[in-house]
Amino acid sequence: MSDQQTKLSEQEMKTYRVQGFTCTNCAAIFENNVKELPGVHDAKVNFGASKVYVKGTTTIAELEKAGAFENLKIRDEKEQRVEREPFWKQKENIKVYISAILLLISWLLGEQYGEDHLLPTIGYAASILIGGYSLFIKGLKNISRLKFDMNTLMTIAILGAAVIGEWGEGATVVILFAISEALERYSMDKARQSIESLMDIAPKEAIIRRGNEEMMIHVDDIQVGDIMIIKPGQKLAMDGVVIKGTSTLNQAAITGESVPVTKTIDDEVFAGTLNEEGLLEVRVAKRVEDTTLSKIIHLVEEAQAERAPSQAFVDKFAKYYTPAIVILALLIAVAPPLLFGGDWSEWIYQGLAVLVVGCPCALVVSTPVAVVTAIGNAARNGVLIKGGIYLEEAGALKAIAFDKTGTLTKGIPAVTDIVTYSGNENELMTVTAAIEKGSQHPLASAIMRKAEEIGLNFNSLSVEEFQSITGKGVKAKVNNEMYYVGSPNLFEELHQTIETSIKEKIIHMQTEGKTVMVLGTKIKILSLIAVADEMRESSKEVISKLNYMGIETVMLTGDNQRTAAAIGKQVGVSDIKADLLPEDKLNFIKELRAKHHSVAMVGDGVNDAPALAASNVGVAMGGAGTDTALETADIALMSDDLSKLPYTIRLSRKALVIIKQNITFSLAIKIVALLLVMPGWLTLWIAIFADMGATLLVTLNSLRLLKVKE
């Protein structure tokens, strides 16, 4: 169970989706309201994912009542998402239009009859009540509980403006505040769309064959082992294994790969991918809640609930900041008239303006919107970032260590050279492959694959007296002759010495990063076979981009120094560490952290687990279909594609810059507005524009993260 739900017991927990959150503060109020509902034992709100987890029994009507202060709409998690009405048609926005029309009429009446006339005053009062009704309800409740948040500050300011006769400004503040809230709702919905679009990827129904009957079944009712039929142009509803047919699948939704992948019998396929060509029959391998897509959505939502370090700082700061603003506003309103004989009306007005400008809204929203947007964008591009903390850490990286096998290379050895000294090359290759058939070594499979490619019939040869020579090779009798296949060291022992020209050839191939295997008898060497792990096409370009970004790149491998140096030089890493055991990798990561503080480890998530855990950010290759990668790493590259790494770092760096800009701007605009108090220039108009403008700007600034592309 996730951290988000640790306190909530599995059997009683129910998840609901929430629509209408504008800020983290409202989410916290809603959480407390839900906890107080009869029948509810505990509740947890995830603001980023717009979800509430409820332990106990309650109804949607009760939950909506608890969220009435924010006009929240609740639905069961399994229900289909209902499209919201267009922004301008939404009910909560209609009262803003009525309030604005009343304000305009009142202003015209004020121009005609004078601001102090009863008619414009009534108009302004009506405008304040209609536009600010829900605000006052929240604010007055908070005042009675001595709880100071944005709603409390706004309520005091608007009521204060009415008391000192500034009805017009009070009404304007109400409308501007309502507009600002509506735009915030719109921006937050936009930020969350990246996740909502993930939810809509997989269809909710699929054609299933049971016996001889084909039927359309809802995904909740599909069982493991069911046969799913996918026609060309349809999306897969479930994860499974192809049992009939061949087709190309567009996996962009899961892995971010733009190039479709060919799938045939025994290949794994994922829910949410698009079948482009042939008819496929797929045996369902997982229930709907266990599909790779479900896991991605779940992990992304949990990630958005994790507070980034800068958000934790902001939340702590806001806790002290709001009461401080209330005290400052009170001092500005009271001190000058009492101590220096200032005009009460004027200084109370200044105090009210300080309350409005002091709203911590922009500051509180500055980090979560950026985190939600960045994590959502990454997920759509096939990169799973497990929380705001890893998003920020990735932006601060100074060094990245790469496991060699399966990360920088494909992890599949292939024959690169065959050098023959005696006899026919194909005959010798057939003998080698026939002997290696009995070996478990990965290099043996490379030789057998090569023999199959050439079309050699090595299975027909009879092999006798097969014996493994530990750590050096194998020997066996073929056609009544004893052959040896193994490392050059084996033949140095057998022959006491290796001919100079052959020795030079072996060393030359080894310096190129190849592993050399020798075929021979007790008397002579017959051929050399060089095998190398193929480099990924993207590795060199990725390392070059990272070096250009100022990040130190290190390759870690268990290979010998010579092979490692050849591959390291080919790929362009800044440093190479060879002959490493898993614990050596772990120790090296610790050393790297001591030197650079912020270090990432990129591996395949299985044998690299200790090193991944020891780094600031563990990056796993190939999250799609590999549970280990999804669970052990802080960031998973879903498509097994290293080229996503520079994009992830660029996105993280951009997110860090935007978060810093947001926090700086939110505080700077408050300070500038507060300085206007001294010459008495601060008005309620300026105050609300400062607060509303700051909130909108930090939200829009955060939405720029949607534009970061590969």
Point to revise | Trace of the side chain to side chain donor-acceptor pair (under 3.5 Å) decision for Gln251 with Lys263 | key: CA-CA 11 Å; Gln251 300 194 147; Lys263 298 282 184 179; 3.3 Å; yes
Practice item. Evaluate the side-chain proximity of Phe458 to Ile435: yes if any heavy-atom separation is below 4.5 Å, no if none is. Key: no
Review point. Has the side chain of Thr648 got a donor or acceptor atom that lies under 3.5 Å from a matching backbone atom of Lys644?
Key: yes
Check your understanding: Distance from Met555 atom CE to Thr409 atom OG1, nearest 0.5 Å?
Key -> 9.0 Å
**Study point:** Side-chain heavy atoms of Asn457 within contact of Thr430, under 4.5 Å
**Key:** no
Do any side-chain atoms of residues 509-517 form donor-acceptor pairs under 3.5 angstrom with protein atoms, and if so which ones, sequence neighbours left out?
| from | atom 1 | to | atom 2 | distance (Å) |
| --- | --- | --- | --- | --- |
| Gln510 | OE1 | Arg562 | NH1 | 2.7 |
| Thr511 | OG1 | Ile507 | O | 3.3 |
| Thr511 | OG1 | His508 | O | 2.6 |
| Glu512 | OE1 | Lys514 | NZ | 2.9 |
| Glu512 | OE2 | His508 | NE2 | 3.4 |
| Lys514 | NZ | Asp417 | OD1 | 2.9 |

Check your understanding: Rounded to the nearest 0.5 Å, how far does CG of Leu490 lie from NE2 of His495?
Key -> 8.5 Å
Check your understanding: Is there a donor-acceptor pair under 3.5 Å between the side chain of Arg287 and the backbone N or O of Gln223?
Key -> no
Review point. What residues form a salt bridge (charged side-chain N to carboxylate O under 4.0 Å, His left out) with Glu493, not counting sequence neighbours?
Key: Lys472
Practice item. Check side-chain hydrogen bond (donor to acceptor under 3.5 Å, both in side chains) between Gln234 and all other residues, then give those that pass, not counting sequence neighbours. Key: none
Review point. Who pairs with Asn489 by side-chain hydrogen bond (donor to acceptor under 3.5 Å, both in side chains), at least two apart in sequence or on another chain?
Key: none
Review point. Taking C-beta and beyond as the side chain, do Val415 and Ile529 meet within less than 4.5 Å on heavy atoms?
Key: yes
Exercise for review: Go through the steps to decide whether Asn250 and Thr273 satisfy the test side chain to side chain donor-acceptor pair (under 3.5 Å), and finish with yes or no.
Suggested key: CA-CA 6 Å; Asn250 185 332; Thr273 55; over 6 Å; no
Check your understanding: Val619 versus Asp634: any side-chain heavy-atom pair under 4.5 Å?
Key -> no
Exercise for review: With sequence neighbours left out, write down each residue that passes side chain to side chain contact (heavy atoms under 4.5 Å, CB included) with Arg283, or none if nothing qualifies.
Suggested key: Ile227, Ile243
Practice item. State whether the side chain of Thr291 and the backbone N or O of Asp239 hold a donor-acceptor pair below 3.5 Å, judged by distance alone. Key: no
Review point. Excluding sequence neighbours, so at least two apart, what forms side chain to side chain contact (heavy atoms under 4.5 Å, CB included) with Glu481?
Key: Tyr483, Thr521
Point to revise | Lys595 bridged to Glu591 by N-O distance under 4.0 Å | key: no
Practice item. Kindly indicate whether the side chain of Val269, heavy atoms from C-beta on, has any atom under 4.5 Å from the side chain of Val241. Key: no
**Study point:** Rounded distance [0.5 Å steps], CG in Leu280 versus CG in Leu236
**Key:** 7.0 Å
Study note, to complete from the structure: Sequence neighbours excluded, the answer for salt bridge (charged side-chain N to carboxylate O under 4.0 Å, His left out) partners of Arg653 is none
**Study point:** Contacts of Glu276 that satisfy side-chain hydrogen bond (donor to acceptor under 3.5 Å, both in side chains) - sequence neighbours left out
**Key:** none
Point to revise | From Leu519 atom CG to Ile447 atom CD1, the distance as rounded to the nearest 0.5 Å | key: 9.0 Å
Exercise for review: Could you tell me which residues satisfy side-chain hydrogen bond (donor to acceptor under 3.5 Å, both in side chains) with Lys503, sequence neighbours excluded, listed by chain and number?
Suggested key: Glu492
Point to revise | Any residue meeting side chain to side chain contact (heavy atoms under 4.5 Å, CB included) with His597, in chain and number order, not counting sequence neighbours | key: none
Point to revise | Pairs meeting criterion ring pair (Phe, Tyr, Trp, His ring centres under 6.0 Å) with involvement of residues 385-427, two or more places apart | key: none
**Study point:** Contacts of type side chain to side chain contact (heavy atoms under 4.5 Å, CB included), residue Ser598, not counting sequence neighbours
**Key:** Glu393, Ala396, Leu397, Asn616
Check your understanding: So, Lys524 and Glu499, do they make that salt bridge, N to O below 4.0 Å?
Key -> no
